[in-house]
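FYI, the numbering just counts along the sequence from 1. Only heavy atoms go into these numbers, but all of them, side chains included; no hydrogens, no water, no symmetry mates.
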Amino acid sequence: MLSLIVSFVHNAEVIPTSKRSRHIATSPRSKKAKMVESNVKANINQPLSMDMDPPFHEIYKTLLDSTIEESRTKTGIVEECELPLIDLGRLSLDESDEKHKCEEEIARASQEWGFFQVVNHGISSEILEKIRREQVKLFKQPFYKKSKEDKFLNFSSGTYRWGTPTATCLSQLSWSEAFHIPMTDISASNGFTNLSSTMEQFATRVASLAQKLAEILAEKLGRKSTFFQENCVPSSCYLRLNRYPPCPIPAEVFGLMPHTDSDFLTILHQDQVGGLQLVKDGKWFAVKPNPEALIINIGDLFQVINLSKNLKFIYES
């Protein structure tokens, strides 16, 4: 299964899996919520309307009231890091040695980090900016419309998600909203013509990148290059749009709880606001945004295929 994720405080992604050291990705708590708020102000050219935000304060009032006073003095500092950066332009070079080195770097970064960045990936800055603009417009819609996505955008019921319905404490709560869209639904979203066409352009190009990376990783695992193409059907692929609203107690709440991705490969575009964090060798790091790069994350299905490597990567937002 492949995932394409666009996340705004405003971001986008596709994921692979493995497991030597543990890697967790997340949006920093105190840092992220503050960054999310400033990003919204910078990228939306009109005042925020309260009816666009999910009713976090009402639904989770008891959890918030019990924590808000004691959290006001807390701060969190996470060291910033730069992920391995790989130039995919070398894959098209005639020099076989340079192409081979690039493939080796991809395999090594997947095993040692579980996360890496790629440039010259084939997705233009124009397309990334278009999907960012359309995502901002989508999330500015009133909550009551977003929560009726089957009527609002012709998406399947359950596509729109927010918060954590099962949360019994703040550490279990994700302070975010998202559209988790099956690739097979994208062409059917006729409620917003520009959104539909932009998502289709973005998803087509990123899926092509995911397939290229999957072929390389399959060969490094001793499989035929078409292994994932034959096993990852469109119905198992998703585009996820994320937004992280401002939070009153950012030191206590995650944008997304620490987690591993259950699919094979995630490709993420992180905007200039940043917010992605991961754990390497037991220590949290904030991933420094790179406007030219896409972030690749190795997911759980890769672990199933690569059991002998015993790799796994965990992250949160």
- Give me the ring orientation class for Trp175 and Phe56: parallel if the planes are under 30° apart, tilted from 30 to 60°, perpendicular past 60°. parallel
- Task: Apply ring-ring contact (aromatic ring centres under 6.0 Å, His included) to Tyr60 and list each qualifying residue two or more places apart in sequence or on a separate chain.
- Result: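 Tyr60 satisfies ring-ring contact (aromatic ring centres under 6.0 Å, His included) with no residue once adjacent residues are dropped.
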- Query: Got a sec, which residues hit side-chain contact (heavy atoms from CB on, under 4.5 Å) with Lys151, two or more places apart in sequence or on another chain?
  - Reply: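 Not a single residue meets the side-chain contact (heavy atoms from CB on, under 4.5 Å) criterion with Lys151.
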- Item | Non-neighbouring partners of Lys212 that pass side-chain contact (heavy atoms from CB on, under 4.5 Å), sequence neighbours left out | Leu91
Over all heavy atoms of both residues, which pair between [X] and [Y] is shortest? Give the atoms and the distance, please.
{"X": "Asn120", "Y": "Gly89", "value": "CB-N, 3.7 Å"}
{"X": "Ala178", "Y": "Arg240", "value": "CB-NH2, 3.5 Å"}
{"X": "Pro54", "Y": "Phe143", "value": "CA-CD1, 3.7 Å"}

Side chain of [X], backbone of [Y]: donor and acceptor closer than 3.5 Å?
{"X": "Asn290", "Y": "Gln117", "result": "no"}
{"X": "Lys280", "Y": "Glu112", "result": "yes"}
{"X": "Glu149", "Y": "Thr159", "result": "yes"}
{"X": "Glu200", "Y": "Ile186", "result": "no"}
{"X": "Ser197", "Y": "Asn194", "result": "yes"}

- Task: Taking only Lys NZ, Arg NE, NH1 and NH2, and the carboxylate oxygens of Asp or Glu, determine whether Glu134 and Lys130 approach each other closer than 4.0 Å.
- Result: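 Salt bridge absent between Glu134 and Lys130.
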- Ion pair present between Lys61 and Glu58, side-chain N to carboxylate O less than 4.0 angstrom?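 No.
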- Note on the structure: For residues 283-293, the salt bridge (Lys or Arg N to Asp or Glu O under 4.0 Å) pairs (sequence neighbours left out) are Glu79-Lys283, Glu82-Lys288
The criterion is side chain to side chain donor-acceptor pair (under 3.5 Å); which residues satisfy it with [X], sequence neighbours excluded?
{"X": "Ser208", "answer": "none"}
{"X": "Thr168", "answer": "Gln172"}
{"X": "Lys99", "answer": "none"}
{"X": "Asp150", "answer": "none"}

Does [X] reach the side chain of [Y], with side-chain heavy atoms less than 4.5 Å apart?
{"X": "Pro248", "Y": "His57", "answer": "yes"}
{"X": "Leu88", "Y": "Ile106", "answer": "yes"}
{"X": "Phe285", "Y": "Glu80", "answer": "no"}
{"X": "Leu239", "Y": "Phe202", "answer": "yes"}
{"X": "Ser174", "Y": "Trp162", "answer": "no"}
{"X": "Glu126", "Y": "Gln201", "answer": "no"}
{"X": "Val287", "Y": "Phe115", "answer": "no"}
{"X": "Ile181", "Y": "Met199", "answer": "yes"}

- Note on the structure: Value for CD1 (Ile127) from OG1 (Thr198), rounded to nearest 0.5 Å, stands at 9.0 Å
- Ser176 versus Asn242, side-chain donor and acceptor atoms under 3.5 Å: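 Looking only at side-chain atoms, Ser176 and Asn242 do not form any donor-acceptor pair under 3.5 Å.
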- Task: Please identify each residue that fulfils salt bridge (Lys or Arg N to Asp or Glu O under 4.0 Å) with Glu177, with sequence neighbours left out.
- Result: Lys146, Arg243
- Item | Residues that Arg90 engages under salt bridge (Lys or Arg N to Asp or Glu O under 4.0 Å), provided they are two or more places apart | Glu98, Glu105
- Message: If the test is side chain to side chain contact (heavy atoms under 4.5 Å, CB included), which one of Leu217, Val118, Ile86, Leu83 qualifies with Ile296?
- Response: Val118
- Message: Other members of the hydrophobic cluster containing Leu85, with the 4.5 Å side-chain heavy-atom rule, please.
- Response: Val119
- Note on the structure: Joining Ile, Leu, Val, Met, Phe, Trp and Tyr whenever any side-chain heavy atoms lie under 4.5 Å apart, the cluster holding Tyr144 also takes in none
